[in-house]
Structures are given as C-alpha cells and as structure tokens.
2 protein chains.
Amino acid sequence: MLIPSKKGQYALRAIYELSRRKDEGPIKISTIADVQVIPHRFLEVILNQFKGSGIVEAKRGVYGGYSLTRSPSQITVGDVLRYLQRDRDATACLACVSQKTCPFFDNCGFLKLWQKVKAAAFDIYDQTTMQDLLDSNETDIALKQAPVE
Amino acid sequence: MLIPSKKGQYALRAIYELSRRKDEGPIKISTIADVQVIPHRFLEVILNQFKGSGIVEAKRGVYGGYSLTRSPSQITVGDVLRYLQRDRDATACLACVSQKTCPFFDNCGFLKLWQKVKAAAFDIYDQTTMQDLLDSNETDIALKQAPVE
DNA sequence: CAAATCCCGACAAATATAGTCAAGAAGGCA
DNA sequence: TGCCTTCTTGACTATATTTGTCGGGATTTG
C-alpha cells in the first residue's frame, strides 16, 4: 500500500475536512461523511482508530464531534498513513510479501529495491502536510476561476 | 500497487531467473518454479500473460521453455510491472481509487500527490534493470563470503 | 506416433477490503 | 432527573481481489 486503499483515502479526506474547519469547533462524523462522501458507519470505525494518535480528538454529546489536536501544518500525510498501518507494518516484511513465506529471506535480491521505493514514497508523504493540501487546493480553484490563456 | 503483489514478485523472480540463465537456451516453467519457489500452475498463468510483451518468448515441445528476447540490461523492473498491469491502468484512475466513485473528479486535492508518488516509484523501477539486480546480488554474496571487519 | 512442453479458459480457495449493526457510554441541557 | 445527541465498541456480513488449481488442447521434437 503506497497509494492508499479506500480506507486510507477516507481517513485522509476526513482529516483534510477537519483541517479545513479547524476553527469551527468539533465537527460531527455525519457532517464529515456527508461533505466528503464517506459511508457514515465506516467513517466511525476509521476515526475511532485514530484514538491515541495525537492527531484528532473526539468529544461526545450535543456539541460533540471530532477536532484536530495539532495545526494542519503539523500533520503530514505520512503521519496519517503510518498510523493507520501501525500494527501491520510491525509484522509484515515490507520487502517480500512476507518474511515467513519469502524463500530467500535476507538474501532476496529485490529487498533493497522495495526499501528504496517505500522510502521514496514516504519522503513525499512525510513532506506533505494537511496545510499544503489546503493551500494547493485553493490555488487550483483560483486558477480555474481565472485561467491563464 | 507500488510494491508489487505476490504475482508481480513471482513475475520478477521468474524473469530474474531467466536472466541468470540467459545462455542456457529455453528454461522450462517447472525449473523456474522449483528454483524460485513459485507454484507451478500459477507461474504458467503468469508467464503466459507476458506473451506479446517483447520481454520473453516461449517454445513448446521437448526442448521447449521460456527465454528472454532482450538482454537483461535492457529489461527494467518497470517494464515488467507495467506490462503486468497494462489493462487495469487503462480503466482505473491511479489517483483516486476509481474515477467513477471519487466524488471530486478532477478537483481532488490528493490527485497530484498520488501522481507524484507513483512517478517517484517508477523512476526507481525504470532505472533498475535485471542486469543491475544480478550484479547487486553477486556483490551481496561476495560481501558475505569476505566480510569487511 | 508418443512424449514433453507450453496454451487456454474456467473454476475454486484464500485473503483483504469495505461496510453494517446494535447496544452502550458520556456530554449537555431542560 | 431524564432525554437527546454524539461518539464507542466489538462483532458481524458482504464484496472484491488475489492467489491459486484443473483438465484438456495445441505444438514441437524424435
């Protein structure tokens, strides 16, 4: 998974939405789900997994919802993706499909290659903050409204 | 898929094996499967998909088997992975999970990010030839036999 | 012709991903 | 207090994808 699964993309979109509205106080799951077109129940599961991540926090009750615990410029795509994967990465060998079933163990000629690629991908993910995404999206919209001909 | 699935890894290992033995004439599927620990029948399917790729060619009959059509230094990991994916990439949007279901179409803030990551990965894959893998593996083995202390 | 080998399409099994549900806990407010 | 709203939790189901298998057919060589 270097281009995230739907779940990963939902997570990012949800956190992106929270970033967009960081000054509106807690945002309800149902609001995020509506705006970002994510199945409500599934988003519950997803956001719940971010408990303890230090990225979001939840509040129950009438004025409850989710909000960010740090500013969008301090949350990277890498943070989000890594957190979503934390248990899997521990066991699974990123190089071969699985260290147990790889017949070459530490002598697999492809291992270094996979590591290089994963590093390259996470270089990019780690350098991209939620704030960057907000900014780049605004630029896009501006360009569309006043296109250069 | 930027770190290849098992199938992709099988394909690479098979072509790697053909590279190692490029001077031995056609190699039987069953030989490749044995050496590289790949399910025989599955490998049949996989190699069959490379028909028309310009990477390998098959010969039937008693002294039949597979062989490369170009030298290992002219086959990149990118060639192999791309060929394996050719039909999928045509329809599926590499950016969102699928263009049809992505609610943001061409306005998805993440699209450029996925493209960047995919490009970074294929930069590496396209620069890595089968010959490179052969060479690097030999170096590894040499280092193990005479480790620097 | 027979034996070896690839070829082909359909099928089956395993795994991963995506999504749902029901009941509970907690916060806010009258 | 009691009620409404919202997150919490864990189990459950459904769907898609990946990984394989099988039987029989086509080719080549001797």
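Numbers restart at 1 for each chain; the letters A, B, ... are given by sequence-line order, proteins then strands. A quick note: this is a predicted structure, and the numbers were derived from the prediction, not measured.
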In numerical order, the residues of residues 16-26 of chain B whose heavy atoms come under 4.0 Å of DNA chain D are none
Between B:His40 (NE2) and D:dG23 (P), how many Å, whole number?
14 Å
Looking at the side chain of B:Lys28, which of C:dG19, D:dC7, C:dT5 is the nearest nucleotide?
C:dT5
Which atom pairs link the protein and nucleotides 28-30 of chain C when you take only N or O atoms and keep those under 3.5 Å?
residue : atom : partner : partner atom : Å
C:dG28  : OP1  : A:Lys59 : NZ           : 2.9

Spacing of A:Ile46 atom CD1 relative to C:dA18 atom C1', expressed in whole Å:
9 Å
Whole angstrom is fine here: how far is it from CZ in B:Phe42 over to C1' in C:dA13?
12 Å
For residues B:Thr31 and B:Asp34, is any side-chain donor paired with an opposing acceptor at under 3.5 Å?
no
Protein-nucleotides 11-16 of chain D N/O pairs closer than 3.5 Å?
none

Just by distance, with hydrogens left out, do B:Gln127 and B:Asp123 show a side-chain donor and acceptor under 3.5 Å apart?
no
Please work out which of the three classes, parallel, tilted or perpendicular, describes the rings of A:Tyr125 and A:Phe122, given edges at 30° and 60°.
perpendicular
Under the side-chain hydrogen bond (donor to acceptor under 3.5 Å, both in side chains) criterion, do B:Lys7 and B:Gln49 qualify, and how do the steps go?
CA-CA 11 Å; B:Lys7 183 176 176 185; B:Gln49 289 184 9; 3.3 Å; yes
Rounded to the nearest angstrom, tell me the gap between atom OH in A:Tyr10 and atom C1' in C:dA18.
8 Å
Looking at A:Asp79 and A:Arg70, is any side-chain nitrogen of the basic one under 4.0 Å from a carboxylate oxygen of the acidic one?
yes
Looking at A:Glu17 and A:Arg13, does any basic side-chain N land under 4.0 Å from a carboxylate oxygen?
no
Roughly, in whole Å, what's the span from CD in A:Gln85 to C1' in C:dA16?
12 Å
Can you tell me how far C1' of D:dT8 sits from CD of A:Glu57, to the nearest Å?
16 Å
Using a 4.0 Å heavy-atom cut-off, does B:Leu47 contact any base of the nucleic acid, only the sugar-phosphate backbone, or nothing at all?
nothing
Consider side chain to side chain contact (heavy atoms under 4.5 Å, CB included). Of A:Val80, A:Ile55, A:Leu18, which one does A:Met130 pass it with?
A:Val80
So do the side chains of A:Thr128 and A:Thr76 get within less than 4.5 Å of each other, counting heavy atoms only?
no
Does the side chain of A:Gln36 reach to within under 4.5 Å of the side chain of A:Leu43, using non-hydrogen atoms?
no
How far apart are the C-alpha atoms of B:Arg41 and B:Glu44, what are their side-chain angles, what is the distance that settles it, and do they pass the side-chain contact (heavy atoms from CB on, under 4.5 Å) test?
CA-CA 5 Å; B:Arg41 296 285 215 176; B:Glu44 275 188 5; 4.1 Å; yes
Under 3.5 Å donor-acceptor, A:Asn48 side chain and A:Val45 backbone
no
Tell me whether the side-chain N/O atoms of B:Ser30 come closer than 4.0 Å to OP1 or OP2 in C:dT5.
no
Nearest whole angstrom, please: distance from the C1' of C:dA23 to the CG of A:Asn48.
15 Å
What's the CD1-P distance between A:Ile27 and D:dC7, to the nearest Å?
10 Å
Distance check: side-chain N/O of B:Ser5 vs OP1/OP2 of D:dT17, anything under 4.0 Å?
no
Would you say that B:Ser71 contacts B:Lys22 through its side chain, given a criterion of any heavy-atom pair below 4.5 Å between the two side chains?
no
